[in-house]
2 protein chains.
Amino acid sequence: MTSQIGLGLHHLKTLHALRQTGSLVEAARMLHLTQSALSHQIKELESRIGMELFVRKTKPPRFTTAGLRLLTLADELLPQVRLAEQDLLRLAGGESGRLNMAIECHSCFQWLMPTIDRYREHWPEVEMDFASSFNFAPLPALSRGELDLVITSDPMNSPELEYIPLFQYEMLLAISRRHPLTEKEWIEPKDLEPEIMITYPVEHERLAVFRDFMDPANIEPEAIRTVELTLMMLQLVASQRGVCALPNWALAEYLDKSHIQTRKLGEKGIWCTLYAAIRTEHKGQPYMMDFIETAKETCFARLNGVRPV
Amino acid sequence: MTSQIGLGLHHLKTLHALRQTGSLVEAARMLHLTQSALSHQIKELESRIGMELFVRKTKPPRFTTAGLRLLTLADELLPQVRLAEQDLLRLAGGESGRLNMAIECHSCFQWLMPTIDRYREHWPEVEMDFASSFNFAPLPALSRGELDLVITSDPMNSPELEYIPLFQYEMLLAISRRHPLTEKEWIEPKDLEPEIMITYPVEHERLAVFRDFMDPANIEPEAIRTVELTLMMLQLVASQRGVCALPNWALAEYLDKSHIQTRKLGEKGIWCTLYAAIRTEHKGQPYMMDFIETAKETCFARLNGVRPV
DNA sequence: TGAAAATAATGAGTTTGATTCAAATTTATT
DNA sequence: AATAAATTTGAATCAAACTCATTATTTTCA
């Protein structure tokens, strides 16, 4: 072609990720590349079209007209590419699998439902189901083949299981805005000693507040109260009946509406990784990997505060 | 990304060109690559998605479902990419140019009009005009700066002019279907000695039948009759008033309707290249190169029998 | 404001993937 | 069956894209 810019899909993916994350570092993590790679890539593209694509001086980068034009293109193309690739996978993979799921992290319903909706459109023949029981250990069930996919934040080592990281999130403490701890920038373990902790009804070790924060400091809360629903937890917190630790993205939508504030757990905060656990034999299966891919995309698109890998 | 096929725009361009040309050789020429490159490229892609994209055993390749799916994608994406690149060029290039055109090949109106229509949508500020006079030499006018673009099939050497090849076409002899020469597979120069040649009213040397076919064999036709309109030429041929030589693509649409047949000129046929002539200073100017690009695309899309470069 | 941390840019070197070349193989043509 | 055309293949080449290590810039916060 004569008037060639030499635009490639990777350019569009980069710009797309850059807008979504707001920084090269994060975008790079999302794309499994180095920040340097993206920097070079964009610079090269800019030199070819003879213009800047975004203004670097601002914190979330501000895109120029040219950059915005390419983002528009990315928004048009990438989904179409995605659909085509799904179609090809289905054509090739052929076999329709089974997808019995369970979640360990109860807040996950929030993004799991939209994920399933999107996924079902392209894999109509995949049989999906939920193991909704609250009181059994999903990972052993996965090993035994009763389940096919488990969303979990603490991998349990096993040769037959494979853990694919979905994203990272921060565990925050939710407190009433009238709570004395609002005075503090971040929470120390001993701050929680006089508090009533509201948690999901799962084993102690499964909860990151205990496992990664209070237990290491050898601190116990005044009391523990378990509730099954996130919304109810927040009601209790708002009405000063206790405090609770929840993922930042699960809290995000309630911060404005309710009388709740959040604080970091420890100076650096507690960061967790959410994984999709599957049996090793399923690794690489198109219908499976595509579900995970869809899940990731859904999360990054809908959840505030989550980070790649 | 997890379930990555690694599809690239170059794959889509290749498939697209393959469908348009019907063979790897031609597709490669269209993309300015070797046919080997395309072969490797496709094979690699096929191995990644685990299926064949087209059946090679047939003359025009028959695409598989997977191949068709990718072609659908190509039809969606490539135009969008094209538009975006045009927008970027315009954003960058800024200056709106002038485009005074002239054609030496009279049949060219057929594709020039659609080209201009498409082009104007994206370069509304470029001022376009035609030098429609039939009896002046366009190339000198181009040198003098009176024109900006000339469509010609015989370049005249000059340091300040640049020739960009658009496509190749075959010059065919059009004869009545009751004409005795229909007996022959292909035409020899001496076959034309007793014939009345119908031509456009331009200089003898400018006509490929004479320059490349009869002159070298030192043969003259019985008589020469000039007409300005292609359609009238064909009417005369059909009613046995003479024969004429025209580009294959100009003839294509009349072959079914009228009582006309065509024959190759010489065993191998006469192949001509059509060029866009511009002043060297304009080479690389976005608005100019993009016009030429649009012209090429229009031709390949609308004209039967033309070949890349 | 100045020091430390985070983020981005840069240059050199490396890797990977894409392309070419030359030769072999297959397919079409006479 | 023989020749020509198109395609495939493998090895070598080339260039784009990436990483690593370093420097520069920006942001944060004491």
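Naming: A, B, ... by sequence-line order, numbering from 1 per chain. Every value quoted in this text rests on a predicted model; they were computed, and no experiment measured them.
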What pairs meet the ring-ring contact (aromatic ring centres under 6.0 Å, His included) rule with one or both residues in residues 42-91 of chain B, with sequence neighbours excluded? B:F54-B:F63

Tell me, please, which residues at least two apart from A:R302 pass side-chain hydrogen bond (donor to acceptor under 3.5 Å, both in side chains). none

Partner residues of A:D212 under the salt bridge (Lys or Arg N to Asp or Glu O under 4.0 Å) criterion, sequence neighbours left out: none

For A:R307 and C:dT7, give me the distance from atom CZ to atom C1', rounded to whole Å. 14 Å

With sequence neighbours left out, what residues match B:E46 under salt bridge (Lys or Arg N to Asp or Glu O under 4.0 Å)? B:R56

In a table with atom names and distances, give each donor-acceptor pair under 3.5 Å that connects a side chain of residues 167-182 of chain A to protein atoms at least two apart or in another chain.
| from | atom 1 | to | atom 2 | distance (Å) |
| --- | --- | --- | --- | --- |
| A:Q168 | OE1 | A:R29 | NH1 | 3.4 |
| A:Q168 | OE1 | A:R307 | NH2 | 3.1 |
| A:Q168 | NE2 | A:T273 | OG1 | 3.3 |
| A:Q168 | NE2 | A:V309 | O | 3.3 |
| A:E170 | OE1 | A:K264 | NZ | 3.1 |
| A:E170 | OE2 | A:K264 | NZ | 2.8 |
| A:S176 | OG | A:R178 | N | 3.0 |
| A:H179 | ND1 | A:L181 | N | 3.0 |
| A:H179 | NE2 | A:E195 | OE1 | 3.0 |
| A:H179 | NE2 | A:E195 | OE2 | 3.0 |
| A:T182 | OG1 | A:H179 | O | 2.7 |

Pairs involving residues 8-28 of chain A, ordered by first then second residue, that meet ring-ring contact (aromatic ring centres under 6.0 Å, His included) (sequence neighbours left out): none

Nt span of DNA chain D in reach of chain A heavy atoms at under 4.0 Å, 5' end first, is D:dA17 to D:dT27

Test of understanding: with salt bridge (Lys or Arg N to Asp or Glu O under 4.0 Å), list the residues that count as partners of B:R48, not counting sequence neighbours. B:E44

For nucleotides 16-30 of chain C, read 5' to 3', which letter fits each nucleotide if B means a protein heavy atom sits under 4.0 Å from the base, S means only the sugar-phosphate is that close, and - means neither? --SBBB-----SS--

Apply side-chain hydrogen bond (donor to acceptor under 3.5 Å, both in side chains) to A:T14 and list each qualifying residue two or more places apart in sequence or on a separate chain. A:Q41

Given 3.5 Å as the limit, does a donor-acceptor pair link the side chain of B:S153 with the main chain of B:C272, or not? no

Test: ring-ring contact (aromatic ring centres under 6.0 Å, His included). Region: residues 67-86 of chain B. Which pairs qualify, not counting sequence neighbours? none

Would you classify A:S23 as touching base, sugar-phosphate or nothing, given that sugar-phosphate means primed atoms plus P, OP1 and OP2, and contacts are heavy atoms under 4.0 Å? sugar-phosphate

Give me the bend of the helix from C:dT1-D:dA30 to C:dT30-D:dA1, using the axes of the five pairs at each end, rounded to 10°. 40°

